[in-house]
Amino acid sequence: MPELPEVETVRRILQKEIVGKTIQSVDVLYEPIVQSDISQFKMSLNEEKIVNIERYGKYLVFILSHWALIIHLRMEGKFYLKKDEPRDKHEHIIFRIGDGITLRYHDVRKFGTMHIRSLEEYKETYPLNVLGPEPKDADPITIYHHLHKKKIAVKTALLDQHILSGLGNIYVDETLFLSKIKPTRRTDQLTKKEVIHLIDSAQQILSKAVALGGSTIRSYTASLGVHGRFQNELNVHTKAGEPCPVCGTIIIKTKVGGRGTYACPTCQK
DNA sequence: CCCGTGCCCTGGCGGC
DNA sequence: TGCCGCCAGGGCACGG
């Protein structure tokens with residue numbers, strides 16, 4: 001479940017490791033990950049130099065000589081750099097980028113996606129054009145007006161990448177805890193002050209998580225040297241049955257919008 | 001337009 | 001020990 005901090009950590013490592021390399025060939029071993037014609041995909045990438053690695057919300061973007069390769073890791077997507085060695089059964093896309101060096105896209109659940117877009121249009125076309133701002137760039141009043149028109153649980157709204165981008169299940173639970181807001185509060189009942197506090201909390205949590213290299217929990221383990229330490233900072237997520245670090249009330253786990261949700265029933269109103 | 005539900009996929013785990 | 005069924009969940013298609 002890479003969210004903004006995990007994707008940013010991967011971006012920084014990829015930037016250091018593969019920028020300047022040239023893609024010599026690409027093997028696609030599980031086609032549904034690629035969201036465009038396979039032969040066109042392979043042809044577009046052939047002999048392209050990797051110029052830069054960008055990130056928008058939870059999307060990674062490989063800036064190539066002529067194209068942008070837009071990647072979403074979804075639940076378990078990760079990259080490994082390997083020499084010539086046998087393919088692991090969960091490696092679905094293999095980029096040959098040098099003398100016996102391969103960059104391998106590994107995804108146990110095969111939920112990840114890749115799109116090819118032109119350099120001129122990639123920000124203005126799907127999927128990047130539908131992304132809301134990241135919390136650090138969001139205008140709280142605009143978000144407040146947006147939320148005020150909806151009647152959904154605040155947790156559902158924070159997970160909606162069209163409203164704000166970058167937050168996933170872990171950081172939404174932590175953001176709501178820091179803001180002292182119950183995950184089921186309806187968005188049309190939030191005050192301006194609460195929305196300002198929410199965005200500020202999200203920003204604080206994400207920047208701290210980026211500084212610590214993200215979280216490494218459950219199935220999302222190390223890739224390309226990604227060993228996050230933010231999981232040690234979690235206050236509520238995965239803490240069901242443990243005391244709230246603020247008031248000592250036992251943290252409860254519920255479901256909100258189909259997602260496992262952790263919260264303090266006393267602190268969060 | 002708006003919101004809730006189901007689906008994609010596989011490994012891990014609880015129950016028997 | 002082995003098998004079965006369920007759960008995890010980001011984002012989208014679909015239906016009420």
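Quick caveat: nothing in here was measured; it's all calculated off a predicted structure. Here is how names work: the chains are called A, B, and so on, in the same order as the sequence lines, proteins then strands, and each is numbered from 1.
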*Asks:* Same cluster or not: A/Leu212 versus A/Ile170, using hydrophobic residues (I, L, V, M, F, W, Y) connected whenever any side-chain heavy atoms lie under 4.5 Å apart?
*Replies:*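 Cluster IDs for A/Leu212 and A/Ile170 match.
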*Asks:* Please determine whether any donor N or O and acceptor N or O are separated by less than 3.5 Å between the side chain of A/Arg109 and the base of C/dG9.
*Replies:*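 Side chain to base: pair present.
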*Asks:* Give the rounded distance in Å between these two atoms: NZ of A/Lys78 and P of B/dT10.
*Replies:*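 So the NZ-P distance, A/Lys78 to B/dT10, works out to 14 Å.
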*Asks:* Just the rounded figure in Å: distance from P of B/dC1 to CG of A/Asp188.
*Replies:*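 Rounded to whole Å, this separation is 20 Å.
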*Asks:* Identify the residue among A/Leu14, A/Ile94, A/Ile23 that makes a side chain to side chain contact (heavy atoms under 4.5 Å, CB included) with A/Leu103.
*Replies:*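 Testing A/Leu103 for a side chain to side chain contact (heavy atoms under 4.5 Å, CB included) against A/Leu14, A/Ile94, A/Ile23 leaves exactly one candidate, A/Leu14.
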*Asks:* If each of A/Lys255 and A/Tyr59 is mapped to the nucleotide of DNA chain C with the nearest heavy atom, which maps nearer the 5' terminus, i.e. the 5' end?
*Replies:*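 Upstream on the strand: A/Lys255.
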*Asks:* Output the rounded distance in Å from CD1 (A/Ile70) to P (C/dG11).
*Replies:*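 Taking atom P of C/dG11 as the reference, CD1 of A/Ile70 is at 14 Å.
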*Asks:* Does A/Phe230 reach the side chain of A/Lys208, with side-chain heavy atoms less than 4.5 Å apart?
*Replies:*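 Yes, side chains in contact.
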*Asks:* Quick one: A/Lys151 NZ to B/dG4 C1', roughly how many Å, whole number?
*Replies:*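 From A/Lys151 NZ to B/dG4 C1': 15 Å.
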*Asks:* When the distance from NZ of A/Lys155 to P of B/dC3 is rounded to whole Å, what number comes out?
*Replies:*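 Interatomic distance, NZ of A/Lys155 to P of B/dC3: 18 Å.
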*Asks:* Between C/dG10 atom C1' and A/His72 atom NE2, what is the distance in whole Å?
*Replies:*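 The distance from NE2 of A/His72 to C1' of C/dG10 comes to 6 Å, rounded to the nearest Å.
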*Asks:* Out of A/Ser179, A/Pro245, A/Cys247, which residue meets the side chain to side chain contact (heavy atoms under 4.5 Å, CB included) rule with A/Cys267?
*Replies:*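 Among the candidates, only A/Cys247 passes.
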*Asks:* A/Gly260 near the nucleic acid: base, sugar-phosphate alone, or nothing, with a heavy-atom cut-off under 4.0 Å?
*Replies:*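 Sugar-phosphate: the residue A/Gly260, judged by heavy atoms under 4.0 Å, touches backbone atoms but no base.
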*Asks:* With hydrogens left out and only the distance checked, is there a donor-acceptor pair under 3.5 Å joining A/Arg259's side chain and the base of C/dA8?
*Replies:*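 Flag unset: no donor-acceptor pair detected.
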